[in-house]
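A short worksheet on the structure shown next.
When a residue number appears, it is its place in the shown sequence, counting from 1. Just so you know, these numbers use all the heavy atoms, side chains as well, and skip hydrogens, waters and symmetry mates.
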Amino acid sequence: MPLVHDRCICLRKVEYSETSQILTLFARQHGILRVIAKGAHRRTKAGASKFDGGIDLLDTGEAVFSHDPARDLPPLTEWKLVDGHLELRSNLRGIYLGLYGAELVSRLFEEHDPHVELFDRLEQVLGDLAGDRREQAFLAFELDVLRESGYLPELFTCAMCGNTMEGASHAYFSAARGGVICRNCEGMAPDRTEIDARLLRMLQGIIKLPRSNGAIARLPILTRHQTDPINRLFADHVEHTLGKRLKLPRYVIGRRI
Ligand SMILES: [Zn+2]
């Protein structure tokens with residue numbers, strides 16, 4: 001089985017036995033893959049360990065692993081930590097958003113399906129989440145994940161009648177219908193919730209912004225007051241489409257457990 005090198009971000013990890021970890025990695029050139037890091041917690045007498053004492057969620061590293069999509073859990077043979085995101089880990093809001101971003105990537109993409117640009121965006125956003133641009137940086141990344149995976153809900157026209165929702169004074173959202181609903185149709189979508197029409201306009205505006213180096217340029221400054229309702233709406237949409245609950249939204253948007 002050929003050994004390959006790739007830059008990876010750790011999306012999920014399960015401690016496996018006393019010394020090993022099962023990791024879901026997002027590899028820049030190879031997409032999502034699951035590997036086993038045998039001996040990750042085993043130390044030599046000199047105190048060294050094979051993977052610097054274990055790999056943590058969101059760690060970015062240069063990895064070497066045997067690559068065979070047909071084989072379940074190939075071993076990780078080398079891991080050189082490039083960025084442990086120490087600054088991000090000191091901010092609770094930032095780390096939750098980072099973990100939620102990782103959860104979305106791991107749930108919405110198939111294994112062994114490379115998404116180089118999205119990988120670069122995740123690496124970039126993990127840096128941004130450590131600073132005070134985190135709300136808008138996360139929202140822009142979330143939009144990229146939804147668009148790239150085909151999970152972006154309909155936000156410009158009514159998901160039922162097709163009328164434009166640009167400039168609408170009232171707007172509703174239905175996860176079951178997969179998008180925004182106009183005032184005429186809302187009565188026929190039992191699961192709809194009203195959304196602030198100004199927030200919808202802002203979201204439509206962000207989607208239309210030009211991009212530079214893969215990221216959305218000139219993002220407005222956003223607060224949680226603005227991003228919580230949008231993150232909630234997207235989480236409902238993804239959960240409805242997948243038919244599964246996500247783990248991180250309860251920490252990110254503070255909703256029911
Ligand atoms: Zn309609």
Side-chain angles (χ1 to χ4, degrees), residues 32 97 100-110 113 115 117-118 121-122 125 135-212 214-250 252-256:
I32 291 173
L97 288 172
Y100 184 33
E103 182 178 36
L104 286 174
V105 172
S106 72
R107 293 295 191 96
L108 300 185
F109 293 91
E110 299 289 326
D113 182 14
H115 290 272
E117 278 182 22
L118 191 73
R121 288 283 290 117
L122 179 58
V125 83
E135 294 302 328
Q136 57 268 32
F138 180 79
L139 179 64
F141 176 72
E142 190 178 24
L143 286 168
D144 283 343
V145 170
L146 294 171
R147 191 168 9 205
E148 181 93 5
S149 62
Y151 279 80
L152 187 67
E154 181 53 69
L155 297 169
F156 288 90
T157 58
C158 171
M160 292 181 72
C161 71
N163 279 346
T164 180
M165 291 296 287
E166 292 189 71
S169 58
H170 288 79
Y172 303 81
F173 186 84
S174 161
R177 299 285 177 167
V180 287
I181 303 282
C182 78
R183 208 174 181 178
N184 294 335
C185 299
E186 58 107 356
M188 291 179 285
D191 74 322
R192 88 282 186 204
T193 49
E194 185 162 12
I195 55 172
D196 185 332
R198 286 166 306 176
L199 271 186
L200 178 62
R201 276 200 291 281
M202 185 193 73
L203 196 51
Q204 291 165 341
I206 290 174
I207 292 171
K208 287 182 184 171
L209 283 174
R211 309 182 71 81
S212 88
I216 299 173
R218 301 195 302 273
L219 273 174
I221 295 165
L222 300 177
T223 64
R224 281 195 66 177
H225 183 66
Q226 295 161 301
T227 56
D228 273 1
I230 298 173
N231 288 331
R232 184 174 299 125
L233 179 147
F234 286 147
D236 286 347
H237 170 71
V238 168
E239 288 181 342
H240 181 87
T241 313
L242 288 177
K244 282 182 199 157
R245 294 295 292 271
L246 299 169
K247 281 191 193 136
L248 266 297
R250 76 189 62 157
V252 169
I253 54 188
R255 69 164 185 206
R256 85 257 173 201

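Within the 4.5 Å cutoff, the side chain of Val145 has no heavy atoms near those of the Leu122 side chain. No side-chain heavy atom of Ile195 sits under 4.5 Å from any side-chain heavy atom of Ile230. Using a 4.5 Å heavy-atom cutoff, the side chains of Glu135 and Leu97 are in contact. Looking at heavy atoms from C-beta onward, Arg107 lies in side-chain contact with Leu246 at the 4.5 angstrom threshold. Side-chain contact between Met202 and Leu222: present, with at least one pair of heavy atoms (C-beta onward) separated by less than 4.5 Å. Between Thr193 and Leu233 there is no side-chain heavy-atom pair separated by less than 4.5 Å. Side-chain contact between Arg218 and Pro210 is present, with heavy atoms from C-beta onward closer than 4.5 Å. Contact of the Met165 side chain with the Cys182 side chain is registered, since non-hydrogen atoms from C-beta on lie closer than 4.5 Å.
Within the model, atoms CD of Glu110 and CG of Leu108 stand 10.0 Å from one another, a figure rounded to the nearest 0.5 Å. Within the model, atoms OG1 of Thr241 and CG of Asp236 stand 10.0 Å from one another, a figure rounded to the nearest 0.5 Å. For the atom pair CG (Leu203) and CG (Leu155), the distance works out to 5.5 Å, reported to the nearest 0.5 Å. Rounding to the nearest 0.5 Å places CG of Asn163 at 7.0 Å from SG of Cys185.
Residues passing the ring-ring contact (aromatic ring centres under 6.0 Å, His included) test with Tyr100 are Phe138, sequence neighbours excluded. With sequence neighbours excluded, the residues that form a side chain to side chain contact (heavy atoms under 4.5 Å, CB included) with Thr157 are Glu154. For Arg211, the side chain to side chain donor-acceptor pair (under 3.5 Å) criterion is met by Asp144, not counting sequence neighbours. Among residues two or more places apart in sequence or in another chain, the side chain to side chain contact (heavy atoms under 4.5 Å, CB included) test is passed with Ala176 by Ser174, Asp191, His240. Every residue two or more places apart in sequence or in another chain that forms a side chain to side chain contact (heavy atoms under 4.5 Å, CB included) with His115 is listed here: Phe26, Phe109, Asp113, Leu118, Glu148. Remark: Asp196 pairs with Arg198 by the side chain to side chain donor-acceptor pair (under 3.5 Å) rule, at least two apart or across chains. Arg224 pairs by the side chain to side chain donor-acceptor pair (under 3.5 Å) definition with Asp228, not counting sequence neighbours. Qualifying side chain to side chain contact (heavy atoms under 4.5 Å, CB included) partners for Leu209, counting only residues two or more places apart in sequence or in other chains: Ile216, Leu219, Pro220. Looking at residues two or more places apart in sequence or on another chain, you find no side chain to side chain donor-acceptor pair (under 3.5 Å) involving Glu194.
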Inset, instruction - For the pair Gln136 and Leu139, evaluate side chain to side chain contact (heavy atoms under 4.5 Å, CB included) and give the outcome as yes or no after the intermediate values. - result: CA-CA 5 Å; Gln136 57 268 32; Leu139 179 64; 5.6 Å; no
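Every pair tested for ring pair (Phe, Tyr, Trp, His ring centres under 6.0 Å) that includes a residue from residues 141-188 fails, sequence neighbours excluded, so the list is empty. Pairs passing the salt bridge (charged side-chain N to carboxylate O under 4.0 Å, His left out) check and including a residue from residues 155-165, sequence neighbours excluded, do not occur. For residues 200-210, every residue pair satisfying the side chain to side chain donor-acceptor pair (under 3.5 Å) rule, not counting sequence neighbours, is listed here: Glu166-Lys208.
What you find for Leu248 and Glu103 is that their closest heavy atoms are N-OE1, 2.9 Å. Taking each heavy atom of Ala189 and Met160 in turn, the nearest pair found is CB-SD, 4.1 Å. The two residues Cys158 and Cys161 make their nearest non-hydrogen contact at SG-N, 3.4 Å.
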